[in-house]
Amino acid sequence: MKQIIKTHKSPIVRLALPLVFIRNCPLSIINYLTRFTLIAGLLFAVIACNDDPNDAFDMRSPQAVIPIDTLEVNRGETVTLNAILSDESGILSYKLEYATWKITNEVSLRDAGMPKTYDFSADIVIPSDAATSWLENYQKHDGSIFNVTQTYHKISLTFYDAVNNKNVIYFYIKIIS
C-alpha cells in the first residue's frame, strides 16, 4: 500500500496520506502532538482572555486628601475642616455629620457638574457644653461588654462619586477646655 500512495496522484489518496502516517507512527509521537495541541490551545486561550471585562466599570471609591484630621480646640471656638475630594467619574454628593452636636450638612454637586476634584471646607462652632471625655460601651464577639474612655469627637464626612461608590473619612476633635 505504501507503494500505491507514493505513485498515485489521486486527491483521495493524498487526503488519506496523513491517516496512513498516523497509523504507522509510534504512540509517543501522537502523544507529543496531542500535548502540543493542548498546550498551544491553552496558551492561545490565556492570551485571548487577557483583558478584564470589569475594566470598563468604575469600582474605585472616591479619594480624599486631608491636610489636618485631628484638632485640639476650646469650647466656643470655630474650627474649619478641609479636605480635597477626588474621583475620575466626578463627585456626586457629600454629607458632614455628628449627631452629638446636631451637625448635619448634605450637599449635592450634581448641579455643579459633578467635578472631578472638590475642595471641601466647613466651619464648625464647638458647643459650649462639649464633653472633654465620656465613657462608651463596646461589645466583644463573645458577648462581654467593656468601657472605653473617649476624648476625641469623631465627625464623619461621607461622599459619593458619580456611580455611587462611597467613602467615609473622619475628623477628630479633642476639647481641651
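None of the values given here were measured: they were computed from a predicted structure. In what follows, every heavy atom counts, from backbone to side chain, and hydrogens, waters and symmetry copies are set aside.
Note that the OG1 atom of Thr158 and the CD atom of Glu97 stand 6.0 Å from one another [nearest 0.5 Å]. Distance check: Asn147 CG to Glu136 CD gives 10.0 Å after rounding to the nearest 0.5 Å. Expressed to the nearest 0.5 Å, how far CD1 of Ile91 lies from OH of Tyr160 amounts to 12.5 Å. To the nearest 0.5 Å, atoms CD1 (Ile173) and OG1 (Thr151) are separated by 12.5 Å. Taken from OH in Tyr98 to CD1 in Ile103, the straight-line distance is 8.5 Å, to the nearest 0.5 Å. Summarising the geometry, atom CD1 belonging to Ile155 is positioned 5.5 Å from atom CG belonging to Leu81; distances are rounded to the nearest 0.5 Å.
For Thr80 and Asp123, the side-chain atoms include at least one donor-acceptor pair closer than 3.5 Å. For the residue pair Tyr152 and Gln150, no side-chain donor N or O sits within less than 3.5 Å of a side-chain acceptor on the partner. Using modelled atom types, one finds no donor on one side chain facing an acceptor on the other under 3.5 Å when comparing His153 with Tyr172. Side chains of Ser61 and Asn165: no donor on one and acceptor on the other come within 3.5 Å.
The minimum heavy-atom distance linking Arg60 with Asp161 is given by the pair O-OD2, 3.4 Å. The two residues Ser108 and Ser93 make their nearest non-hydrogen contact at CA-CB, 4.0 Å. Across all their heavy atoms, Ala83 and Pro67 have their closest contact at CA-CD, 4.3 Å.
No side-chain heavy atom of Lys174 sits less than 4.5 Å from a side-chain heavy atom of Leu71. The closest side-chain heavy-atom distance from Leu92 to Leu109 is not below 4.5 Å. A heavy-atom distance below 4.5 Å is not found between the side chains of Phe159 and Lys95. Pro115 has its side chain out of reach of Thr117: every pair of non-hydrogen atoms, C-beta onward, lies at least 4.5 Å apart.
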> Under the side chain to side chain contact (heavy atoms under 4.5 Å, CB included) criterion, do Leu135 and Asn137 qualify, and how do the steps go?
Replying inline: CA-CA 7 Å; Leu135 284 178; Asn137 295 330; 5.6 Å; no
> Between Ile169 and Ile66, is a side chain to side chain contact (heavy atoms under 4.5 Å, CB included) present by the stated rule, with each step listed?
Replying inline: CA-CA 9 Å; Ile169 60 171; Ile66 310 165; 3.6 Å; yes
> Could you go step by step and tell me if Tyr118 and Tyr94 meet the ring-ring contact (aromatic ring centres under 6.0 Å, His included) rule?
Replying inline: CA-CA 10 Å; Tyr118 180 76; Tyr94 67 85; 5.6 Å; yes
> Given the rule in the side chain to side chain contact (heavy atoms under 4.5 Å, CB included) test, do Phe171 and Leu157 qualify, once you have shown the distances and angles that lead to the verdict?
Replying inline: CA-CA 8 Å; Phe171 296 96; Leu157 177 62; 4.1 Å; yes
>> One pair to check against side chain to side chain contact (heavy atoms under 4.5 Å, CB included): Ile175 and Thr132. What are the steps and the verdict?
In response: CA-CA 5 Å; Ile175 309 302; Thr132 56; 4.0 Å; yes
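Placement of Phe120 and Val79 within a single hydrophobic cluster is found when ILVMFWY residues are connected by side-chain heavy-atom separations under 4.5 Å, directly or transitively.
Remark: Ile176 CD1 is packed, more than 12 non-hydrogen atoms of other residues, nucleotides or ligands lying under 6.0 Å away. Around the CG atom of Asp142, the shell of radius 6.0 Å holds more than 12 heavy atoms that belong to other residues, nucleotides or ligands.
A cation-pi geometry, defined here as NZ or CZ lying under 6.0 Å from the six-membered ring centre and within 45° of its normal, holds between Lys154 and Tyr170.
Side-chain atoms of Asn74 never come within 3.5 Å of backbone atoms of Glu77 as a donor-acceptor pair (strictly under, hydrogens ignored). With hydrogens and angles ignored, the 3.5 Å screen pairs a side-chain donor or acceptor of Asn167 with a backbone N or O of Pro62. Side chain of Arg75 to main chain of Pro127: no donor-acceptor pair is present (N/O by atom type, distance under 3.5 Å, no hydrogens or angles).
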